[in-house]
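For reference, the structure discussed in these notes is given below.
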Amino acid sequence: MAPCCRVPILLGVYKLSKREVSLPVRIVLGLTISTAIVAAGSGVASASPSTVAKNQEASPVATNVGTQLEVAPGTAKVVEKDAAGDLSLEIPGNITSKQAISPSDIPAALFEGQGQALLNTELPDATISTFATASGSQSIIKIDSASAATEYRFPLEIPARAKAKVLKDGSVEFSSQDGAILGSVLAPWAHDANGASVPTSFTIDGTTLVQRVAHTEQTAFPVVADPSTVWGWTVCVATVGTTILPWGAGAKVAAKLITRFGSVKRGIEIIYRAYHAANGAGAKWNAAMAASGGLFAEILGINGIKDACFS
């Protein structure tokens with residue numbers, strides 16, 4: 001039966017948050033999405049390095065947290081670089097110079113990209129554009145019809161002994177062998193052309209991040225979905241360590257954080273995760289205020305914290 005309506009589906013990949021670790025090297029997350037292959041009858045879009053087209057020319061972009069985002073030459077790999085190490089993610093699809101996704105296609109509260117896309121790829125009945133954000137990257141998947149894949153595979157590169165875990169809120173957390181958090185991918189979202197939510201979720205298959213989008217013949221296309229990464233936890237930790245202290249301007253906030261969470265670092269970690277797990281400025285503020293017990297506004301009043309931790 002022919003669908004009654006066709007609406008674009010927008011899929012997004014959210015930020016990976018980086019944290020201080022005891023490993024000699026930091027997690028390297030490969031967000032390389034090269035050519036996507038839709039398996040016959042399976043509805044799966046996966047990366048195929050052997051079919052990657054000539055890479056787009058893209059200059060490195062500096063984020064507000066002091067890291068650098070770039071596309072690795074000759075690949076569809078989006079790499080986040082800072083002093084602690086690199087994180088990368090492989091994007092599925094054939095590289096193209098055409099940006100098929102406009103910010104106007106995406107709910108305003110959910111789009112965090114800045115400027116033109118750093119990387120664009122094409123798949124059967126779908127396109128992906130990856131944008132730099134204030135603290136990482138956001139990849140928007142636009143699904144044009146019911147014949148498009150319902151599963152998108154993003155190969156990751158992570159250190160030996162590092163672990164990936166899907167949390168209850170739908171986000172993905174990466175941790176070292178001793179439990180230190182290395183990074184995360186925020187909980188995914190997907191909306192149809194009418195603005196209605198489309199069921200979507202992450203799973204981990206070995207070293208591959210898999211996003212499933214449950215669109216059907218009855219979905220209004222195009223659909224847009226998003227996986228987003230958050231980087232710069234080490235910059236946040238360093239800034240907190242030199243600005244929120246039991247003396248000076250930050251003494252009052254430090255005392256409240258210690259009373260509520262046991263330590264300043266633990267408190268900022270909990271608030272940081274709540275803030276970056278939410279989609280949209282209003283939701284981020286509310287999540288951080290709730291997690292902090294109302295301290296978030298005071299924390300933002302301390303020089304350097306806002307840019308280093310909550311961009």
Open item on the list: Testing the 3.5 Å rule here: is there a donor-acceptor pair between the side chains of N120 and S129?
Closed with: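 There is such a pair between these side chains.
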Task: T219 versus D192, side-chain donor and acceptor atoms under 3.5 Å - done: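 Result is no, nothing qualifies.
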Closest approach of [X] to [Y] (non-hydrogen atoms, all atoms of both residues):
X: A149; Y: I143; answer: O-CD1, 4.4 Å
X: A72; Y: V79; answer: CB-CG2, 4.2 Å
X: S292; Y: F261; answer: CA-CZ, 4.1 Å
X: I140; Y: I101; answer: O-CD1, 3.0 Å

Open item on the list: Return the CD to CG distance between E70 and L118, rounded to the nearest 0.5 Å.
Closed with: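 If we round to the nearest 0.5 Å, E70:CD and L118:CG are 10.0 Å apart.
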Task: Gap separating the CG atom of L167 from the CZ atom of R273, nearest 0.5 angstrom - done: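 It comes to 6.0 Å.
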Task: V210 reachable from V198 in the ILVMFWY side-chain graph, under 4.5 Å edges - done: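 Not linked; separate clusters.
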Min side-chain heavy-atom separation [X]-[Y] under 4.5 Å:
X: E298; Y: L300; result: no
X: I299; Y: L257; result: yes
X: F131; Y: Q114; result: no
X: I95; Y: T75; result: no
X: I141; Y: Q211; result: yes

TODO: Could you go through the salt bridge (charged side-chain N to carboxylate O under 4.0 Å, His left out) check for E112 and K284 one step at a time?
DONE: CA-CA 12 Å; E112 300 183 34; K284 288 179 182 295; 3.7 Å; yes
Open item on the list: Can you tell me how the ring of F310 sits relative to the ring of Y272, calling it parallel under 30°, perpendicular over 60° and tilted otherwise?
Closed with: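 Tilted.
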- [ ] For the pair K163 and E173, evaluate salt bridge (charged side-chain N to carboxylate O under 4.0 Å, His left out) and give the outcome as yes or no after the intermediate values.
- [x] CA-CA 8 Å; K163 297 179 181 179; E173 182 176 272; over 6 Å; no
Open item on the list: Just to verify, which of T203, T200, T150 counts as forming a side-chain hydrogen bond (donor to acceptor under 3.5 Å, both in side chains) with R212?
Closed with: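 Option passing the side-chain hydrogen bond (donor to acceptor under 3.5 Å, both in side chains) with R212: T203.
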TODO: Verify the neighbour count for atom CD of Q99: are there more than 12 heavy atoms of other residues, nucleotides or ligands below 6.0 Å?
DONE: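 Above 12, so yes.
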